[in-house]
Q: 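Sending over a structure as structure tokens; questions will come in a sec.
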There are 2 protein chains.
Amino acid sequence: MKWEVRVAYKRGVQDPEGETTLEALRMLGFKGVKRVSTAKLFVIEGECTREEVERMCRRLLANPVSQDYEIRRLAP
Amino acid sequence: MKWEVRVAYKRGVQDPEGETTLEALRMLGFKGVKRVSTAKLFVIEGECTREEVERMCRRLLANPVSQDYEIRRLAP
């Protein structure tokens, strides 16, 4: 099976990489950019069920205080 | 406009974060996991065309030596 996990900051939590990227883009002349936010993707392949991927998120991939995660199945 | 940029390692390039994550998951008991790969997502909002987002990728968001990028429009 192949799963995609998207880990992003919760609404209201600072996204320092997004802020730095926004600043850098504006310094490079991309004046139209108003907001940049970032997220991390993990593609996980192997013999694992959705429940196991949920547990991976809670135990390792996401920080439950500041991050949300979304799990999507890419292949059977 | 709202754009999503996905930056991932090119095929054949090492993905150290993916490898470390794989190791950590297996140490945590997720023995079925065979492979983990990672990517970075940027969500970019503002007045910018696809061509500008292409230029952002080439100039800042992706390393052309080791990374590929994909641009997707999320909202008009």
Side-chain angles (χ1 to χ4, degrees), chain A residues 1-11 13 15-63 67-72 74-76, chain B residues 1-11 13 15-63 67-72 74-76:
Chain A
M1 267 158 296
K2 195 168 174 178
W3 302 89
E4 186 179 271
V5 175
R6 179 183 175 134
V7 180
Y9 290 102
K10 286 182 196 284
R11 203 173 276 277
V13 173
D15 174 352
E17 196 177 351
E19 286 163 29
T20 309
T21 305
L22 172 62
E23 233 172 273
L25 287 173
R26 294 177 64 89
M27 283 198 307
L28 286 171
F30 298 104
K31 300 296 187 195
V33 190
K34 298 291 179 246
R35 191 162 174 267
V36 178
S37 49
T38 65
K40 186 85 208 169
L41 281 182
F42 297 91
V43 176
I44 294 168
E45 291 170 74
E47 297 304 313
C48 33
T49 63
R50 178 177 287 269
E51 273 169 17
E52 282 175 303
V53 179
E54 286 267 357
R55 279 200 287 127
M56 292 175 199
C57 289
R58 290 197 303 267
R59 294 197 60 189
L60 185 74
L61 305 180
N63 176 343
Q67 295 175 316
D68 284 325
Y69 59 85
E70 259 176 54
I71 299 170
R72 206 157 62 90
L74 296 183
Chain B
M1 267 158 296
K2 196 169 174 177
W3 302 89
E4 187 179 89
V5 175
R6 179 184 175 134
V7 180
Y9 290 102
K10 287 181 196 283
R11 204 172 275 278
V13 173
D15 175 352
E17 196 177 351
E19 286 162 27
T20 309
T21 305
L22 172 62
E23 232 173 272
L25 286 173
R26 294 176 65 88
M27 282 198 307
L28 286 170
F30 298 104
K31 300 296 186 196
V33 190
K34 298 290 179 247
R35 191 161 175 267
V36 178
S37 49
T38 66
K40 186 84 206 168
L41 281 182
F42 296 91
V43 177
I44 294 169
E45 291 170 75
E47 297 304 312
C48 33
T49 63
R50 177 177 288 268
E51 273 169 16
E52 282 175 304
V53 180
E54 287 267 358
R55 279 199 288 129
M56 293 175 199
C57 290
R58 291 196 304 265
R59 293 198 61 188
L60 186 75
L61 306 180
N63 176 344
Q67 295 175 316
D68 284 326
Y69 58 85
E70 260 176 54
I71 299 171
R72 206 158 61 91
L74 295 182

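Reminder, nothing fancy here: chain letters follow the sequence lines and each chain counts from 1.
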Q: B:Glu17: which residues meet the side chain to side chain donor-acceptor pair (under 3.5 Å) condition with it, sequence neighbours left out?
A: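 Residues passing side chain to side chain donor-acceptor pair (under 3.5 Å) with B:Glu17: A:Lys40.
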Q: Hey, is CD on A:Glu23 packed in by over 12 heavy atoms from elsewhere, all under 6.0 Å?
A: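 No - once you tally the heavy atoms of other residues, nucleotides and ligands closer than 6.0 Å, there are 12 at most.
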Q: Between atom CZ of A:Arg35 and atom NZ of B:Lys2, what is the distance when rounded to the nearest 0.5 Å?
A: 7.0 Å
Q: Got a list of side-chain donor-acceptor pairs under 3.5 Å for residues 51-62 of chain A, not counting sequence neighbours?
A:
unit_1, atom_1, unit_2, atom_2, d
A:Glu52, OE1, A:Thr49, N, 2.9
A:Glu54, OE1, A:Tyr69, OH, 3.0

Q: Measure distances from B:Phe42 to the heavy atoms of chain A and classify the residue's part below 4.5 Å as side chain, backbone, both or neither.
A: both
Q: What's the spacing between A:Cys48 SG and B:Lys31 NZ if we round to 0.5 Å?
A: 13.5 Å
Q: With chain A, which of B:Ser37, B:Gly29, B:Ala8 has the greatest number of heavy-atom pairs at distances under 4.5 Å?
A: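 The candidate making the most pairs under 4.5 Å is B:Ser37.
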Q: Taking CZ in B:Arg50 as the centre, count heavy atoms belonging to other residues, nucleotides or ligands within less than 6.0 Å. Is the count above 12?
A: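 Buried by this count: over 12 neighbours within 6.0 Å.
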Q: Using a 4.5 angstrom heavy-atom cutoff, name the option from B:Asp15, B:Leu25, B:Val5 with the most pairs to chain A.
A: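 The residue among B:Asp15, B:Leu25, B:Val5 with the greatest pair count is B:Leu25.
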